Amino acid sequence: MARAEEKVSFGGRLKQIGMVFSFTAKQDKMFVPLAVGAVLIPLLLAALAVILTGTIIFIPLGILVALLALLIVLNLRSNRAMMNAAEGQPGAAASIIENMRGDWRVRPAVSSTTAMDMVHLVVGKPGVILLAEGNPQRVRSMLGQEKRRLAKVIGNAPLHDYVIGNGDDEIPIRKIRMTLTRLPRALSGKDVNALDKRLTALSAARPQIPKGAIRRLRVIAPDLVDRTTERSVR
């Protein structure tokens, strides 16, 4: 299931932002120059405005604009860095969706092989979503099996399936978030809860995936930076 929102102290929030900065700077060589430019340009323009007009109100305004610009750059570049790091990592698709905003119930690797081919199950307002990672030929067969199994319990709920990859009829991992958020909302919150309960009962009869069988990718950037940016705009 999607994780509940946790309250984080101001100090904890600063620590998280520091982790995002460090992660993004290591993954993206352009981040630091862009971040410096995002801060310096508004400050220089504010200083020039003060010199020309003699109005000091431009100083706090310049600081606020610089902070907002920095957070926007951090948001964009951290998303890019995170997706680059996720490329080819088993279980990355499930981990990305777990960190998305909204009510997304994620069950990683409901079907998998020793070769790290896997199918993830997601339940949300668009319906039931199957995401396959691994060898395209093998995972397409796994998708077919999962669709037949789910058809018995999902009723009229929409069923979407995708193969993660860069080939024909596949979705690059960097487009997962956009693809899912653009799906039409077909279920209410009550419908999602009822469907989730039926799928939980169905999953209980299946053998559990061994602990540690999936290498999970820790995603720290998108959700954190989105929330921080929203607070700054307010």
Side-chain angles (χ1 to χ4, degrees), residues 1-8 16 20 75-76 78-83 85-87 89-112 117-134 139 142-143 146-147 149-151 153-165 170-204 206 208-209 213-230:
M1 284 193 180
R3 293 177 298 183
E5 193 80 12
E6 297 180 359
K7 293 184 178 180
V8 182
Q16 287 179 334
V20 177
N75 186 24
L76 295 175
S78 62
N79 271 283
R80 179 186 178 92
M82 183 272 292
M83 291 302 175
E87 195 80 37
Q89 295 290 334
S95 189
I96 289 171
I97 298 171
E98 286 179 334
N99 284 271
M100 285 173 53
R101 289 180 173 277
D103 187 11
W104 302 96
R105 320 287 178 90
V106 184
R107 291 178 173 84
V110 293
S111 179
S112 64
D117 304 308
M118 57 188 70
V119 176
H120 311 299
L121 174 64
V122 181
V123 182
K125 290 186 177 181
V128 179
I129 304 163
L130 293 172
L131 296 172
E133 295 183 273
V139 297
M142 294 166 65
L143 277 176
E146 287 301 315
K147 289 168 69 175
R149 186 178 70 90
L150 293 174
V153 296
I154 65 173
N156 295 324
L159 176 59
H160 311 271
D161 62 277
Y162 304 99
V163 176
I164 306 302
E170 297 175 1
I171 296 180
I173 196 167
R174 65 184 67 252
K175 293 186 178 181
I176 292 177
R177 287 162 51 104
M178 179 178 64
T179 299
L180 267 59
T181 54
R182 288 184 175 181
L183 289 174
R185 270 37 180 173
L187 304 179
S188 65
K190 184 178 180 180
D191 293 333
V192 172
N193 289 332
L195 181 58
D196 187 50
K197 289 181 180 178
R198 296 202 299 271
L199 292 174
T200 298
L202 180 66
S203 300
R206 305 189 69 178
Q208 298 296 312
I209 303 298
I214 306 173
R215 181 183 176 187
R216 304 300 303 280
L217 176 68
R218 185 184 183 194
V219 180
I220 61 174
D223 193 47
L224 168 62
V225 180
D226 286 345
R227 291 199 300 268
T228 307
T229 304
E230 286 180 356

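Everything quoted here is computed from the prediction, not taken from an experiment.
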N193 vs R105, test: side-chain contact (heavy atoms from CB on, under 4.5 Å). Steps then yes/no. CA-CA 9 Å; N193 289 332; R105 320 287 178 90; 2.5 Å; yes
What pair of heavy atoms forms the shortest contact from S78 to V20, and how long is it? CB-CG1, 4.0 Å
Check each of V123, I129, V192 against W104 using the side chain to side chain contact (heavy atoms under 4.5 Å, CB included) test, and report the only one that passes. I129
With a 6.0 Å cut-off (strictly less than), is the heavy-atom count around CZ of R182, excluding the residue itself, greater than 12? no
Check salt bridge (charged side-chain N to carboxylate O under 4.0 Å, His left out) between K147 and all other residues, then give those that pass, not counting sequence neighbours. D161
Distance in Å, I164 CD1 paired with L131 CG, rounded so as to fall on 0.5 Å steps: 5.0 Å
Shortest non-hydrogen contact between V139 and E133, atoms and distance: CG1-O, 3.3 Å
Could you check whether any side-chain heavy atom of S111 comes within less than 4.5 Å of a side-chain heavy atom of R149, counting everything from C-beta outward? no
Quick check: does any side chain N or O of H160 sit under 3.5 Å from a backbone N or O of L183, one acting as donor and the other as acceptor? no
Using modelled atom types only, decide if a donor and an acceptor are shared between the side chain of R185 and the backbone of K125 within a distance under 3.5 Å. no
Nearest heavy atoms of H120 and A109, plus distance in Å: ND1-N, 2.9 Å
Are E146 and L121 close enough that some pair of their side-chain heavy atoms sits under 4.5 Å apart? no
